[in-house]
Structure formats: C-alpha cells, structure tokens
Amino acid sequence: MEPKCLPPLQALRAELDDIDGQWLALLARRFAVTAEVGQLKKTQNLPARDPEREAQQRARFAALASESGIDPVFAQRLLQLLLDEVVARHQRV
C-alpha cells in the first residue's frame, strides 16, 4: 500500500488519467478511420501494406516527435505498433 498521496500528486494523477482517456479515444477514432481505409482497399483489391505511405509516415512521425521534444525512435516504434495492428485488422476484413 502506498503512503497517502499529497493533493498535488493526486491532481497530477487525475490529469494523467484524463490524458490517457483522451489518447485512447483518439486511438479508437484512428482505428475507425483505418477500418474505412481497409474496406476501400479490399474493394479496390489493394494490398494491406503500402510501403511508400509507411515510409512517409515514419518520417512525419520522427519530425513531429522531434518538434514535440519526444524521442523520434520511440515515436517510430509506436507508429510501427500502430501500423502492425492496422494491417492485422485489414487482413481480418
């Protein structure tokens, strides 16, 4: 059991909980859009992966991460996780 939290720590944890909820909601929204992309790709007989688009996204993620003070390598690992999940979802369609 952790010692009684100080009010500032409780407030910061509440803020983190709120942020977590926001990014999970955005992730759900992103997956909804990529589901539409998957449907479109299926109707057009396009492959699940688009290496050119993925390369563009990697570069964009690295740049955005750097601008935001986030390690670009971490951001690219996060993007790869997202891409892998999206492709897995496309292949299930």
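These numbers come from the heavy atoms of this one structure, side chains and all, not from hydrogens, waters or symmetry mates. Source: prediction; values computed, not measured.
Within the 4.5 Å cutoff, the side chain of Val86 has no heavy atoms near those of the Leu83 side chain. Within the 4.5 Å cutoff, no side-chain heavy atoms of Leu64 are placed close to those of Ile70. In this structure, Gln80 and Gln76 have side chains that are not in contact, with every pair of non-hydrogen atoms separated by 4.5 Å or more. The closest side-chain heavy-atom distance from Glu85 to Thr34 is not below 4.5 Å. Side-chain contact between Asp50 and Gln56 is absent, with no heavy atoms from C-beta onward closer than 4.5 Å. Side-chain contact between Leu79 and Arg60: absent, with no pair of heavy atoms (C-beta onward) separated by less than 4.5 Å.
Both Trp23 and Phe31 belong to a common hydrophobic cluster when Ile, Leu, Val, Met, Phe, Trp and Tyr are linked at side-chain heavy-atom distances under 4.5 angstrom. Criterion: ILVMFWY side-chain heavy atoms under 4.5 Å apart, direct or through other members. Under it, Leu82 and Ile19 are part of a common hydrophobic cluster.
Annotation for Gln22: atom CD counts as buried by contact number, over 12 foreign heavy atoms lying within 6.0 Å.
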Query - Derivation and outcome, side-chain hydrogen bond (donor to acceptor under 3.5 Å, both in side chains), residues Arg13 and Gln10 - result: CA-CA 5 Å; Arg13 287 180 173 171; Gln10 291 172 330; over 6 Å; no

Query - Derivation of the side chain to side chain contact (heavy atoms under 4.5 Å, CB included) call for Asp84 and Arg49 - result: CA-CA 9 Å; Asp84 291 344; Arg49 293 203 100 110; 3.3 Å; yes

Query raised in the report: Under the salt bridge (charged side-chain N to carboxylate O under 4.0 Å, His left out) criterion, do Asp71 and Arg77 qualify, and how do the steps go?
Result: CA-CA 10 Å; Asp71 178 8; Arg77 286 194 332 250; 5.4 Å; no

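Atoms CZ and OG, from Phe61 and Ser66 in turn, are 12.5 Å apart once rounded to the nearest 0.5 Å.
With hydrogens and angles disregarded, a donor-acceptor distance shorter than 3.5 Å links the side chain of Lys41 to the backbone of Ala48.
When every heavy atom of Ala75 is checked against every heavy atom of Ala65, the shortest pair comes out as CB-CB, 3.5 Å.
Sorted by first then second residue, the salt bridge (charged side-chain N to carboxylate O under 4.0 Å, His left out) pairs that include residues 15-39, not counting sequence neighbours, number zero.
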